[in-house]
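Here the structure is laid out as structure tokens; the discussion comes afterwards.
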Amino acid sequence: MPELPEVETTCRGIAPYVVGNIISNVVIRDRRLRWPVPRDLRKKLLNRKVLNLERRAKYLLFHFDHGCLILHLGMSGSLRIITGDQPAQKHDHLDIAFESGSVLRFHDPRRFGSVLWTSADPMQHALLAQLGPEPFSMACSGAYLHGLSRGRRQAVKTFIMDSHIVVGVGNIYASEALFRSGIRPQRRAGRVSRQEYEKLVQAIREVLQDAIAAGGTTLRDYVSGEGRPGYFAFELNVYDRGGEPCPQCGHPIKQLRIGQRSTYYCATCQR
DNA sequence: CCCGATTCCTGTAGGC
DNA sequence: TGCCTACAGGAATCGG
């Protein structure tokens, strides 16, 4: 399931095959994603050059001189670079072929992903305009999170997973970051101290950075198409380890549900 | 405004 | 062995 590290890894992996290349064909096999793939997408893309590729939150932005392709991997989406003659498999919803002979193939079994087009500034698009800061940016400070959280009664885990607050913290990394910063996930966001938010921001950055580093494994496998999720090689301290001994203190890791999401923490190490 | 619940979807795992 | 249900999750949207 792609979280920010996987999207970042994907962005780096496909950029050399995409940026500066001209699109020679577009094949849409299934429009039924999170939102319908625009009917005129092929017309928009054909014979156009990708000027730049960037990640914003978990979105990939393919910039053209007349607009921008906005792509989200959802939870089961993936992008591969293949050679043009490989037959499409089930759930291969979209191909973007380049004059170089490379084909960018979008695969998404659960169809939570999205492929959209905008002719305007993509940052002003309804899906992107309200997003919070990137976790590695200066704007995402302990003071920022502390300030926004005052008066909020929701769980701190739910708070940091809200993409309007800060982007890129999915369910796995939320539990991991809270463990690393020693904060119980069910604490009310408004009752977490400024100092604790400083630690939490630091922990979010470390977790994501470590995961991006582990995602490098996927990056190397990328073109050959192993498709292994980046966090496979990533050391998870608490996520999906309910009942197992805490790696720090040995007490069993607790599991509960917060906001309909599985949550893991150590009651001894986290307060 | 705030916030929890629901919703979209399919593959997989677990229970019986 | 096979059927059925629960669960996984990003994020918009709904409802209280």
Side-chain angles (χ1 to χ4, degrees), chain A residues 1-11 29-37 55-61 70-79 88-94 106-116 118 122-135 145-178 185-192 204 207-208 211 227-232 234 236 238-243 255-264:
Chain A
M1 49 210 80
E3 299 216 29
L4 186 146
E6 288 75 39
V7 180
E8 180 65 26
T9 299
T10 296
C11 187
R29 298 189 189 81
D30 196 337
R31 304 185 177 280
R32 299 171 302 161
L33 301 182
R34 178 70 173 83
W35 288 281
V37 177
R55 179 190 62 75
R56 169 71 174 113
K58 295 174 186 172
Y59 293 92
L60 287 172
L61 306 179
I70 302 172
L71 191 149
H72 196 294
L73 296 174
M75 77 153 289
S76 61
S78 63
L79 287 169
Q89 312 277 319
K90 194 177 181 184
H91 306 307
D92 285 344
H93 305 312
L94 173 71
F106 178 64
H107 176 90
D108 186 9
R110 293 177 209 180
R111 294 195 275 116
F112 277 23
S114 42
V115 177
L116 301 167
T118 180
M123 300 306 176
Q124 302 305 316
H125 190 279
L127 292 177
L128 282 84
Q130 307 300 322
L131 291 174
E134 292 285 326
L145 289 181
H146 181 256
L148 271 190
S149 65
R150 291 310 88 185
R152 291 202 184 230
R153 299 170 63 84
Q154 68 187 151
V156 62
K157 173 167 179 271
T158 308
F159 178 68
I160 60 169
M161 286 178 65
D162 184 343
S163 61
H164 302 102
I165 305 298
V166 53
V167 302
V169 184
N171 197 44
I172 295 171
Y173 300 129
S175 280
E176 292 298 314
L178 287 162
Q186 64 272 51
R187 292 256 307 275
R188 289 179 180 184
R191 307 292 293 271
V192 174
I204 288 170
V207 165
L208 293 176
R228 187 164 57 134
Y231 63 82
F232 197 82
F234 175 72
L236 295 171
V238 291
Y239 183 81
D240 205 22
R241 293 187 181 277
Q255 175 173 3
L256 74 163
R257 294 186 80 77
I258 296 177
Q260 317 305 113
R261 291 287 178 264
S262 289
T263 305
Y264 303 85

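Proteins come first, then strands; the chains are lettered A, B, ... in the order of their sequence lines, and each starts at number 1. Any value given below was found using the heavy atoms of this structure, including those in side chains, with hydrogens, waters and symmetry copies removed.
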Margin query: Within the 4.0 Å heavy-atom criterion, would you say A:Gln154 contacts the bases, only the backbone, or no part of the nucleic acid?
Written below: sugar-phosphate
### Message
Let's go through A:Leu73 and A:Phe106 carefully: what are the C-alpha distance in whole Å and the side-chain angles of both, what is the deciding distance for side chain to side chain contact (heavy atoms under 4.5 Å, CB included) to 0.1 Å, and is it a yes or a no?
### Response
CA-CA 9 Å; A:Leu73 296 174; A:Phe106 178 64; 3.8 Å; yes
Rounded to whole Å, the CD1-P distance (A:Ile258 to B:dA5) equals 11 Å
Rounded to whole Å, CZ of A:Phe112 lies from P of B:dC9 at a distance of 8 Å
Rounded to whole Å, CD1 of A:Ile172 lies from C1' of C:dA8 at a distance of 10 Å
Under 6.0 Å from the CZ atom of A:Arg150, do we count more than 12 heavy atoms belonging to anything else shown?
-> yes
5'-most contact on DNA chain B (nearest-nucleotide basis), A:Pro109 vs A:Ala155, goes to A:Ala155
Close side-chain approach of A:Asp30 and A:Arg111, heavy atoms under 4.5 Å
yes
Given B:dG11, is OP1 or OP2 found less than 4.0 Å from the side-chain N or O atoms of A:Lys90? yes
Nearest heavy-atom approach of A:Pro185 to A:Ala155 is O-CB, 3.5 Å
Taken to the nearest whole Å, CG/A:Leu33 to C1'/B:dT10 is 14 Å
If each end axis of the helix from B:dC2-C:dG16 to B:dC16-C:dG2 is fitted on five C1' pair positions, the angle between them, to 10 degrees, is 60°
- Message: Can you confirm whether A:Thr10 sits close enough to A:Arg55 that some side-chain heavy atom of one is under 4.5 Å from a side-chain heavy atom of the other?
- Response: no
- Query: Counting only heavy atoms not in A:Arg191, do more than 12 fall under 6.0 Å of its CZ?
  - Reply: no
message: It should be established whether A:His91 places a side-chain nitrogen or oxygen under 4.0 Å from OP1 or OP2 of nucleotide B:dC9.
response: no
Picking from B:dC8, B:dC3, B:dG11, the nucleotide nearest the side-chain atoms of A:Arg110 would be B:dG11
For A:Tyr173 and A:Glu6 the tightest heavy-atom approach is OH-OE2, 3.4 Å
In whole angstroms, the gap separating C1' of B:dG4 from NZ of A:Lys157 amounts to 13 Å
Between A:His125 and A:Leu116, is the side chain to side chain contact (heavy atoms under 4.5 Å, CB included) condition met? List the steps. CA-CA 10 Å; A:His125 190 279; A:Leu116 301 167; 4.2 Å; yes
It should be established whether A:Ser262 places a side-chain nitrogen or oxygen under 4.0 Å from OP1 or OP2 of nucleotide C:dA8.
yes
A:Met75 CE to C:dA8 C1', in whole Å, measures 5 Å
In whole angstroms, the gap separating P of B:dA5 from CZ of A:Arg257 amounts to 10 Å
Check: Does the side chain of A:Arg188 get closer than 4.0 angstrom to OP1 or OP2 of B:dC3 through an N or O atom?
Finding: no
Is there side-chain contact between A:Leu127 and A:Ile70, with at least one heavy-atom pair below 4.5 Å? no
CZ of A:Arg152 to CG of A:Asp162, rounded to nearest 0.5 Å, is 6.5 Å
In whole angstroms, the gap separating C1' of C:dG10 from CZ of A:Arg56 amounts to 15 Å
A correct 5'-to-3' footprint of nucleotides 11-16 of chain C, with B, S and - meaning base, sugar-phosphate only and no protein heavy atom under 4.0 Å, is BS----
